[in-house]
Number of protein chains: 2
Amino acid sequence: MKKKAVINDTPVCQVRMQAISDTMSILSGKWKFHILGTLMEGHKLGFMDLLREIDGIGSKMLSKELQDLEMNHLVSRTVMNTKPITVEYAVTEYGATLAPLIDELTKWGIAYRQSIHGSK
Amino acid sequence: MKKKAVINDTPVCQVRMQAISDTMSILSGKWKFHILGTLMEGHKLGFMDLLREIDGIGSKMLSKELQDLEMNHLVSRTVMNTKPITVEYAVTEYGATLAPLIDELTKWGIAYRQSIHGSK
DNA sequence: AATGGTAGTATCCAAATGGAAAGTGCTTTC
DNA sequence: GAAAGCACTTTCCATTTGGATACTACCATT
């Protein structure tokens, strides 16, 4: 007789799996968390500010990732009516709901690094 | 005068950024969270069990991702002394420390899906 | 001897990811 | 009027990722 999936074949597991996929696809890529983290620290930053703050990112990537985040309403983009045109990027109210997740991510990463050091 | 990074140029931010990079690189890829989640539900599962439970994954990916997780001590691999050889995969004690992170990820994903439905 | 189960590996290939460098258009300052 | 700052976009390219398919090798049952 053939075996079939059983554990994940329950509604609650399907929902959990889908939720993980959703979150991952929205926050995929090398830079999303860095951008969000930096914006949470800096509150309001321009494009060039972000380019300077986030070590290693290029303008192409920054531009693309900001567009992704804006599309998902996690970051707002406001063109300011200033002499040389400036743009303000900020974390939206909804984007701020990611703070606990980013915190967990950070806490785990710090603990991981310590566990490696500690075991040496 | 040229501007320089200021916000992220503090030790605490450097550590945070590095922590995020660490966590992301360990848990990168399409399947790591699914594998961990399934193993947390099932406690002990064989290779073919995982292949059946995780919808869409192929044996090549499963094999590679399990090796990654094993290398980082998040999953254990035990060859059992059974008639046809079987292997038991399980989440390690250390891997279990990811539970809060996976929970946050799941909670946020569920809330995200509801916010899309709710705003329609 | 054929089928089916376990646990993978090997090969090939297409698509996605992301980095470097240069260019655009505008404005202000020296 | 040259340089420099802002906010990007475009082009090109190399690497990474991951999926499909096939295959190995061992054991048990029919």
Side-chain angles (χ1 to χ4, degrees), chain A residues 1-7 17 20-21 24-35 38-39 42 44-72 75-90, chain B residues 1-7 17 20-21 24-35 38-39 42 44-72 75-90:
Chain A
M1 69 176 172
K2 296 201 179 163
K3 290 187 186 178
K4 285 183 183 173
V6 279
I7 298 157
M17 288 291 168
I20 290 172
S21 294
M24 295 288 283
S25 78
I26 290 164
L27 299 172
S28 66
K30 201 172 164 182
W31 300 107
K32 300 244 168 61
F33 283 112
H34 293 294
I35 295 171
T38 305
L39 282 175
K44 281 165 190 277
L45 294 171
F47 187 86
M48 294 307 284
D49 293 327
L50 285 165
L51 210 52
R52 273 185 293 265
E53 296 295 339
I54 301 169
D55 199 49
I57 199 170
S59 56
K60 190 187 93 171
M61 271 302 114
L62 180 56
S63 174
K64 195 214 131 219
E65 298 289 69
L66 282 170
Q67 279 171 30
D68 284 359
L69 292 169
E70 203 195 337
M71 254 190 295
N72 287 312
V75 159
S76 66
R77 180 181 183 274
T78 318
V79 178
M80 303 306 283
N81 190 19
T82 48
K83 320 95 192 197
I85 194 170
T86 53
V87 177
E88 267 183 15
Y89 291 96
Chain B
M1 68 175 172
K2 297 203 179 162
K3 289 187 185 178
K4 285 184 183 172
V6 279
I7 297 157
M17 288 290 167
I20 290 172
S21 294
M24 296 286 284
S25 78
I26 290 164
L27 299 171
S28 66
K30 202 173 164 182
W31 301 107
K32 299 244 167 62
F33 284 112
H34 292 294
I35 295 172
T38 304
L39 281 175
K44 281 166 189 277
L45 294 171
F47 188 85
M48 294 306 283
D49 293 328
L50 286 165
L51 211 51
R52 275 185 292 266
E53 295 294 340
I54 301 168
D55 199 49
I57 199 170
S59 56
K60 190 187 93 172
M61 272 302 115
L62 180 56
S63 174
K64 195 214 131 218
E65 298 290 69
L66 282 170
Q67 279 171 30
D68 285 358
L69 292 169
E70 203 193 338
M71 252 190 296
N72 288 311
V75 159
S76 66
R77 179 182 183 273
T78 319
V79 179
M80 303 306 284
N81 190 19
T82 48
K83 319 96 192 199
I85 195 170
T86 52
V87 178
E88 267 182 14
Y89 290 97

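Treat the numbers as computed from the prediction; the structure is a model and nothing was measured. Chain A is the first sequence line, chain B the second, and so forth, proteins listed ahead of strands; every chain is numbered from 1.
In this structure, CG of B:D49 is placed 7 Å from P of C:dT6, rounded to the nearest angstrom. Between the NZ atom of A:K64 and the C1' atom of D:dT11 there is a distance of 17 Å, given to the nearest Å. Separating the CD atom of A:E65 from the P atom of C:dG18 is a distance of 6 Å, rounded to the nearest angstrom. Whole-Å rounding puts the B:E70 CD to C:dA7 P distance at 14 Å. Nucleotide C:dT28 holds its P atom 16 Å from the CE atom of A:M80, rounded to whole Å. Taking atom NZ of residue A:K32 and atom P of nucleotide C:dA16, one finds them 14 Å apart after rounding to whole Å. Separating the CD atom of B:E88 from the P atom of C:dG8 is a distance of 12 Å, rounded to the nearest angstrom. Per the geometry, CZ belonging to B:F47 stands 10 Å off C1' belonging to C:dT9, to the nearest Å.
Residues passing the side chain to side chain donor-acceptor pair (under 3.5 Å) test with B:S25, sequence neighbours excluded: none. B:V87 pairs by the side-chain contact (heavy atoms from CB on, under 4.5 Å) definition with B:R77, B:V79, B:Y89, not counting sequence neighbours. Under the salt bridge (charged side-chain N to carboxylate O under 4.0 Å, His left out) criterion, A:E88 pairs with A:K44, sequence neighbours left out. Listed by chain and residue number, nothing satisfies the side chain to side chain donor-acceptor pair (under 3.5 Å) test with A:T78 (two or more places apart in sequence, or in another chain).
Distances shown here put a side-chain N or O of B:Q67 below 4.0 Å from the OP1 or OP2 atom of C:dT9. Put simply, B:Y89 has no side-chain N or O that comes within less than 4.0 Å of OP1 or OP2 on C:dT6. Phosphate contact (OP1/OP2 of C:dT9, side-chain N/O of B:S63, threshold under 4.0 Å): present. For B:R77, a side-chain nitrogen or oxygen approaches OP1 or OP2 of C:dG8 to under 4.0 Å. The side chain of A:R52 contributes an N or O atom lying less than 4.0 Å from OP1 or OP2 of D:dC6.
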Show me, pair by pair, the donor-acceptor contacts under 3.5 angstrom made by side chains of residues 57-64 of chain B, not counting sequence neighbours?
none

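Of all the heavy atoms in B:L27 and A:M24, the pair that sits closest is O-CE, 4.4 Å.
Contact annotation: the side chain of A:D68 approaches that of A:M71 to within less than 4.5 Å [non-hydrogen atoms, C-beta and beyond].
Nearest-nucleotide positions on DNA chain C place A:S28 closer to the 5' end than the other of A:P84 and A:S28.
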Name the pairs: protein N/O against N/O of nucleotides 19-26 of chain C, kept only if under 3.5 Å.
from: C:dG19; atom 1: OP1; to: A:K30; atom 2: NZ; distance (Å): 2.4
from: C:dG19; atom 1: OP2; to: A:W31; atom 2: NE1; distance (Å): 3.1
from: C:dG19; atom 1: N7; to: A:K60; atom 2: NZ; distance (Å): 3.3
from: C:dG19; atom 1: O6; to: A:K60; atom 2: NZ; distance (Å): 2.1

